[in-house]
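Heads up: the structure comes next, in structure tokens.
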Amino acid sequence: MTDIFAKYAGLKTAAAGLTAHSPRNPFGVVIDHPVSATVGLIEGRETLLFGTNNYLGLSQSTAAAEAAIGTVRREGVGTTGSRIANGTYALHRKLETRLAEVLRRRHCMIFSTGYQANLGAISALAGKDDVLLLDADSHASIYDASRLGYAQVIRFRHNDPADLDRRLSRLKDHQGAKLIVVEGIYSMTGNVAPMREFAEVKKKHGAYLLADEAHSFGVLGENGRGLAERDGCEDDVDFVVGTFSKSLGTVGGYCASNLDGLELIRLCSRPYMFTASLPPEIIAATLAALDEMIARPELRTQLYANAKQLNHGLHALGLKTSAHVSPVVAVTLDNVEQALAFWNRLLELGVYVNLSLPPATPDEHPLLRCSVMAVHTPEEIDRALGIFAQVKKDVLG
């Protein structure tokens, strides 16, 4: 019998080599329980959390928790069905209506995860006769969506509107639709897209533009609608996709648009049609967190100040970070062995960040990916920077 796992022999070897050089599995860290939004108990130690994507700290929202508790007592813990079967509750429609209002779009559909929002929306929008133009650093969910939809895929250089323009120029005689997909804030590096410039290229060539605002919703823009709001080009973005698992602290995703055809996607998007819908308590918590995000714009102001403090502080230590100031602050290191040692020592001294290794990183260099929150205090950030300084001395000399 052929070993069904034989195809993963290389992965097995790589994983064994990783753990052989590390006292712990960097992809299996357990947070025993959160003490607060910014502190968790890991290996028996209170540890500063700088790797959670909890940008506004709303995973610990009292209002969201109370909404979830009341709803689960009233409506149960799950729907047991997809949206097109028994899985549409009044709460699902309420959240879609509310999100459409917040995003200033006529239509909105919600998915069970942010990953499925990209998978379900993009795969249904771009079919086999269409062309998908993807930023080279696109998230895995975007690439997986391209495979599910069978569209022709063309990659353009990361954050490069001129390269996109050149590639669209070669498609002037193509008869199918052309869909451009970019992200607001890129989750690995924290780079911010030139959204207005992409919108201009889109208009020039008669293409459609989808913005994945997963890491920029609640973060950018006067009202937190994302990068397109901040850059003043929302009307030129045809579809906006996002998630509830970042700024809102729950789970789920959405796609919103002013195009009436979006409602047809409910009838042909496989990840939407064949997945159980979000549990009612999650919907209730998301609605409460959304209201809190809107009612507290000062969270975005503090988040930017915190991101600037962390980014500039790491740069001042001589560590390589992105020139973009965003809540994702990634430190680029030279090699995997160095990154492993750095990550382990950070955790031992009380700072948890994400370790990202090639080939998942954009330029084949390992990253220490930090994410900052609005509810981090300046003192917590300074303490983390002090630990980074100590680890840099210990590991890099």
Side-chain angles (χ1 to χ4, degrees), residues 37-38 49-65 67-68 95-105 108 110-111 113-115 117-118 139 141 182-187 190-193 195 210-234 237 239-256 278 282-308 310-311 324-329 370-376:
T38 63
L49 300 177
F50 278 89
T52 66
N53 301 319
N54 190 16
Y55 299 130
L56 302 183
L58 294 181
S59 70
Q60 299 295 310
S61 164
T62 300
L95 179 55
E96 287 175 333
T97 299
R98 182 73 177 115
L99 264 174
E101 291 171 352
V102 169
L103 295 168
R104 297 185 179 180
R105 306 278 171 164
C108 180
I110 57 175
F111 294 81
T113 66
Y115 175 94
N118 267 335
H139 190 267
S141 59
V182 299
E183 298 177 42
I185 294 175
Y186 283 81
S187 60
N191 290 346
V192 181
M195 191 67 74
L210 183 148
D212 178 359
E213 300 265 23
H215 291 266
S216 43
F217 177 68
V219 171
L220 298 178
E222 183 179 352
N223 301 284
R225 293 196 297 272
L227 178 60
E229 181 194 16
R230 193 202 71 175
D231 285 0
C233 57
E234 288 178 283
V237 174
F239 306 96
V240 57
V241 172
T243 181
F244 309 143
S245 63
K246 309 301 187 261
S247 288
L248 298 184
T250 61
V251 68
Y254 64 85
C255 179
L278 283 169
I282 296 297
I283 297 287
T286 302
L287 279 162
L290 182 61
D291 287 343
E292 192 166 350
M293 181 200 89
I294 294 165
R296 299 180 63 192
E298 69 275 8
L299 288 174
R300 282 184 290 284
T301 303
Q302 187 61 53
L303 178 61
Y304 182 80
N306 288 353
K308 185 176 180 180
L310 183 62
N311 185 305
H324 298 266
V325 175
S326 81
V328 178
V329 186
C370 312
S371 54
V372 70
M373 301 180 229
V375 292
H376 277 125

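- Panel note: side chain T243, backbone G253; no donor-acceptor pair is recorded below 3.5 Å.
- For the pair V219 and S247, the minimum side-chain heavy-atom distance is below 4.5 Å.
- Side-chain atoms of H215 and Y55 include a donor-acceptor pair closer than 3.5 Å.
- Here CG of L303 is found 12.0 Å from CD of E298. Values are rounded to the nearest 0.5 Å.
- Heavy-atom minimum distance, A307 versus V329: O-CG2, 4.4 Å.
- M195 and A211 make their closest contact through CE-CB, 3.7 Å (heavy atoms, listed as atom of the first residue, atom of the second, distance).
- Within the structure, the salt bridge (charged side-chain N to carboxylate O under 4.0 Å, His left out) test picks out no pair touching residues 211-223 (sequence neighbours left out).
- Contact record, A37 with N54: CB-ND2, 3.9 Å, taken as the closest heavy-atom pair.
- Without hydrogens or angle criteria, E183 side chain to A214 main chain gives no donor-acceptor distance under 3.5 Å.
- Looking only at side-chain heavy atoms (C-beta outward), K308 and N311 stay at 4.5 Å or farther from each other.
- Closest of all the heavy-atom pairs between L220 and R300 is N-CD, 4.4 Å.
- Side-chain contact between V375 and Q60 is absent, with no heavy atoms from C-beta onward closer than 4.5 Å.
- Summarising the geometry, atom CG belonging to L287 is positioned 8.0 Å from atom CZ belonging to R98; distances are rounded to the nearest 0.5 Å.
- Atom CG of L56 and atom CZ of F217 lie 9.5 Å apart (nearest 0.5 Å).
- Residues satisfying the salt bridge (Lys or Arg N to Asp or Glu O under 4.0 Å) test with E229, not counting sequence neighbours, are R225.
- Between the side chain of S61 and the main chain of A289, no donor-acceptor pair closer than 3.5 Å is present.
- Rounding to the nearest 0.5 Å places OG1 of T286 at 7.0 Å from CG of L278.
- Formation of a donor-acceptor pair under 3.5 Å by the S245 side chain with backbone atoms of G252 is not found in this model.
- H376 NE2 to L49 CG: the interatomic distance, rounded to the nearest 0.5 Å, is 6.5 Å.
- Note: M293 CE to L290 CG = 5.5 Å, rounded to the nearest 0.5 Å.
- Summarising the geometry of A64 relative to A288, their closest heavy-atom pair is CA-CB, 3.7 Å, with the distance given to 0.1 Å.
- Contact between A228 and V237 at its shortest, heavy atoms only, is CB-CG2, 3.9 Å.
- No donor-acceptor pair under 3.5 Å is formed between the side chain of E292 and the backbone N or O of L58.
- Between F244 and Y254, the ring planes are parallel. Angles under 30° get that label, and only those over 60° would be called perpendicular.
- Without hydrogens or angle criteria, S141 side chain to Y115 main chain gives no donor-acceptor distance under 3.5 Å.
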